[in-house]
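Encoded as structure tokens, the structure appears first; notes follow it.
Quantities reported herein were computed from a predicted structural model and do not represent experimental measurements. Lettering of chains follows the sequences in order, A, B, ..., and the numbering in each one begins at 1.
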There are 2 protein chains.
Amino acid sequence: MAAQRDEGDEVVTGTPTAPGADRADGAPGADTAEHVEEPTALTRERARAIPEAAVARLAVYLRVLSGLAEQGVNTISSEELANAAGVNSAKLRKDLSYIGSYGTRGVGYEVEVLVGQIERILGLTRKHSVCVVGIGNLGHALANYGGFPGRGFPVTALFDVDPDLIGVPVGGIPVDHIDDISRVVAEREVSIGVIATPPKAAQEVCDRLVAAGVQCILNFAPVVLQVPDYVEVRKVDLAVEMQILSFHVARRADEATESGGGPDLSDVDGVVIRR
Amino acid sequence: MAAQRDEGDEVVTGTPTAPGADRADGAPGADTAEHVEEPTALTRERARAIPEAAVARLAVYLRVLSGLAEQGVNTISSEELANAAGVNSAKLRKDLSYIGSYGTRGVGYEVEVLVGQIERILGLTRKHSVCVVGIGNLGHALANYGGFPGRGFPVTALFDVDPDLIGVPVGGIPVDHIDDISRVVAEREVSIGVIATPPKAAQEVCDRLVAAGVQCILNFAPVVLQVPDYVEVRKVDLAVEMQILSFHVARRADEATESGGGPDLSDVDGVVIRR
DNA sequence: CGATGTGAACTCATTCACAGCT
DNA sequence: AGCTGTGAATGAGTTCACATCG
């Protein structure tokens, strides 16, 4: 049964401070990939309208729930599930409400039901063939994950340019030359492309993937990919993650340094406080 | 037991360059009843207050800028830089404004200056020793990155439980047994721990890292780690990424179904098909 | 002029708090 | 009595638009 919710969010702003009209939107800005949705109101019919942030969490809930199912747990409350997923229960309930009402008041949720519903929403009832481009260290690791994280994402093709690798099976799949990408992607109906090449090659590989018809890309290369609007790109950026952690280490250090030391306003690291 | 934080945190308030008397009293606008702020633990103070989202982007800008510097570019406008980083210029300028005013009106930014300032803010002027736990496929790949993404993050220790691995050098560093983690982490002043173990071992490894004094963790294992408040956890979750992409594939498919080959729909909602 | 820097408006996301069902 | 589901309130993050200054 499809989601029967209404399109939800209207202009909830009850604040009278709302400005006049000004609907002159359509700014042709340099907007990059990321979001595809058409900004101007009029949501498509019974819009799927699940906030991106919620989608990410649904995937987490799904994993937790699968674990519970294996342990034979049948029912769980929002409180417990939220806890296991590392979020608070209000958020969890709101997230689940986006996909429908599958809980029982006074009781909780049936694990099986939730698993099924989340899988449906995430499109996991269908298999998504994946290809990995760039069979270096990381590519190897990814290919060897075999069936990729969880089932449902079979890796069916590997590409590289290194002649020594072509034909060599990695994780059971022989490596093809990148020049054959179009043919192979079509033949094996690849729907998701993973880029694990050195940064310099990433954009070109990306272009080839797109040309081959791939519309979803997971990018491990430390580059900002330019893609057409209709292509969805997610990136996993080690350097950025490390640097964010670094930022926190630094901030922690700052705090430690100045704590206890009176209200001195001296800029710790050079940020001049102008006035 | 606080679960790991995901995103957002930190109180904003007061830009470093705020003019005149900012920092007035408390919260702006009419506060409702006695709602005594509940600051994140002991943080606060003269918070550097850079939104988490901005921090992540600063890291991206930094990479783009470094590339430009190498190419000999001296100056760049917000428009150009934004473009290269895949964001719009307003966002970029706002992000940069969090770290100070280093641009020249009518001209743009000096690449070198920006690189320096971002590095300072991200705490990259200091080296952060990294350890990797779990030397399987992924751990190998990570260890072999050598100096980790970009310089500044030297991998100085590797851990595993497999007797066959202990002592074997990977990427130049011999693998230690996890039981020695406390000693080794202390000796090598590891400040960031990377978890690349199978899911089942992740929480325990995490606990050991924390016990050993590591306060920043990058987790590749598909589990929600439970850590004390003062520990910062970032996660890289392949399964979640794939599932988010899957969701988009599914949504795309839905849209396609209903727009083109959709069997006669005497539907009420005008199917708004743009372009 | 032209591009930065930034209050203010707006949009998206999270949390509160409670009505409503079991 | 207990727990879900959800409007409404709050807060975070993004975009607008323009004063400002090199």
Side-chain angles (χ1 to χ4, degrees), chain A residues 5-6 8-15 17-20 22-25 27 29 31 34-35 37 39-41 49-57 75-82 87-110 114 274, chain B residues 5-20 22 27-33 35 37-38 40 49-57 75-82 87-110 114:
Chain A
R5 295 245 80 266
D6 54 70
D9 346 43
E10 281 292 340
V11 184
V12 197
T13 325
T15 356
T17 50
D22 185 285
R23 214 9 337 160
D25 136 88
D31 188 34
E34 210 75 44
H35 245 126
E37 202 60 52
T40 324
I50 301 178
E52 184 85 11
V55 173
R57 288 189 299 263
T75 290
I76 191 166
S77 71
S78 64
E79 193 67 39
E80 296 170 299
L81 181 50
V87 301
N88 66 23
S89 62
K91 193 186 284 182
L92 177 128
R93 287 201 303 280
K94 172 78 61 177
D95 286 344
L96 291 183
S97 81
Y98 292 127
I99 68 175
S101 302
Y102 302 104
T104 306
R105 288 165 199 244
V107 182
Y109 302 89
E110 253 188 80
L114 236 39
R274 305 193 318 188
Chain B
R5 82 221 274 145
D6 217 325
E7 218 82 18
D9 51 278
E10 215 48 45
V11 190
V12 184
T13 315
T15 31
T17 54
D22 65 321
D31 193 26
T32 328
H35 198 77
E37 266 289 310
E38 207 252 270
T40 318
I50 300 178
E52 184 86 11
V55 173
R57 287 188 299 265
T75 290
I76 192 166
S77 70
S78 62
E79 192 67 39
E80 296 169 300
L81 180 52
V87 302
N88 66 26
S89 62
K91 192 187 284 181
L92 177 129
R93 288 202 302 279
K94 175 73 74 175
D95 286 344
L96 292 183
S97 80
Y98 291 127
I99 68 174
S101 301
Y102 302 104
T104 306
R105 289 170 197 240
V107 181
Y109 302 89
E110 254 188 81
L114 236 39

Self-check item: Smallest separation among heavy atoms of Y98(B) and A49(B), with atom names
Solution: CD2-O, 4.5 Å
Practice problem: Summarise how protein sits on nucleotides 15-22 of chain C as a single string, 5' to 3': B when a protein heavy atom is under 4.0 Å from the base, S for sugar-phosphate-only contact, - for no contact. | Solution: BBB-BBBS
Quiz item: Given dT14(C), dT14(D), dG13(D), which nucleotide is nearest the side-chain atoms of Y98(B)?
Solution: dT14(D)
Quiz item: Is there a side-chain contact between L114(A) and L81(A), using heavy atoms and a 4.5 Å cut-off?
Solution: yes
Practice problem: With sequence neighbours excluded, tell me which residues meet side chain to side chain donor-acceptor pair (under 3.5 Å) with E79(A). | Solution: S89(A)
Quiz prompt | Nearest-neighbour nucleotide for the S97(A) side chain, dA13(C), dT6(D), dA3(C) considered | solution = dT6(D)
Quiz item: Starting at CD of E79(B) and ending at P of dT4(C), how long is that distance when rounded to a whole Å?
Solution: 8 Å
Exercise. Identify the two heavy atoms, one from A82(A) and one from N88(A), that lie closest to each other, and give their separation to 0.1 Å.
Key: CB-C, 3.6 Å
Quiz item: Can you check the E110(A) CD to dT4(D) P distance for me, whole Å?
Solution: 13 Å
Quiz prompt | Whole-Å distance separating the CG atom of D95(A) from the P atom of dT14(C) | solution = 7 Å
Self-check item: Separation of dC16(D) C1' from L92(B) CG (nearest whole Å)
Solution: 16 Å
Quiz item: Looking only at heavy atoms, which two atoms of E80(A) and S77(A) are closest? And how far apart?
Solution: OE1-N, 3.0 Å
Practice problem: Could you check how far CG of L96(B) sits from P of dT6(C), rounded to whole Å? | Solution: 11 Å
Quiz prompt | d(CD1, I50(B); C1', dG13(D)) in whole Å | solution = 15 Å
Self-check item: Phosphate OP1/OP2 of dC3(D): any S78(A) side-chain N/O under 4.0 Å
Solution: no
Self-check item: Contact summary for G103(B) and Y109(B), nearest pair of heavy atoms
Solution: CA-CD2, 3.4 Å
Quiz item: For dG5(C), does OP1 or OP2 lie under 4.0 Å from any side-chain N or O of Y109(B)?
Solution: yes
Quiz item: Can you tell me how far P of dT14(D) sits from CD of E52(B), to the nearest Å?
Solution: 12 Å
Quiz item: Looking only at side-chain N and O atoms, does R57(B) come under 4.0 Å of OP1 or OP2 in dT14(D)?
Solution: yes
Quiz item: Expressed in angstrom and rounded to an integer, what is the separation of Y102(A) atom OH from dT6(D) atom C1'?
Solution: 16 Å
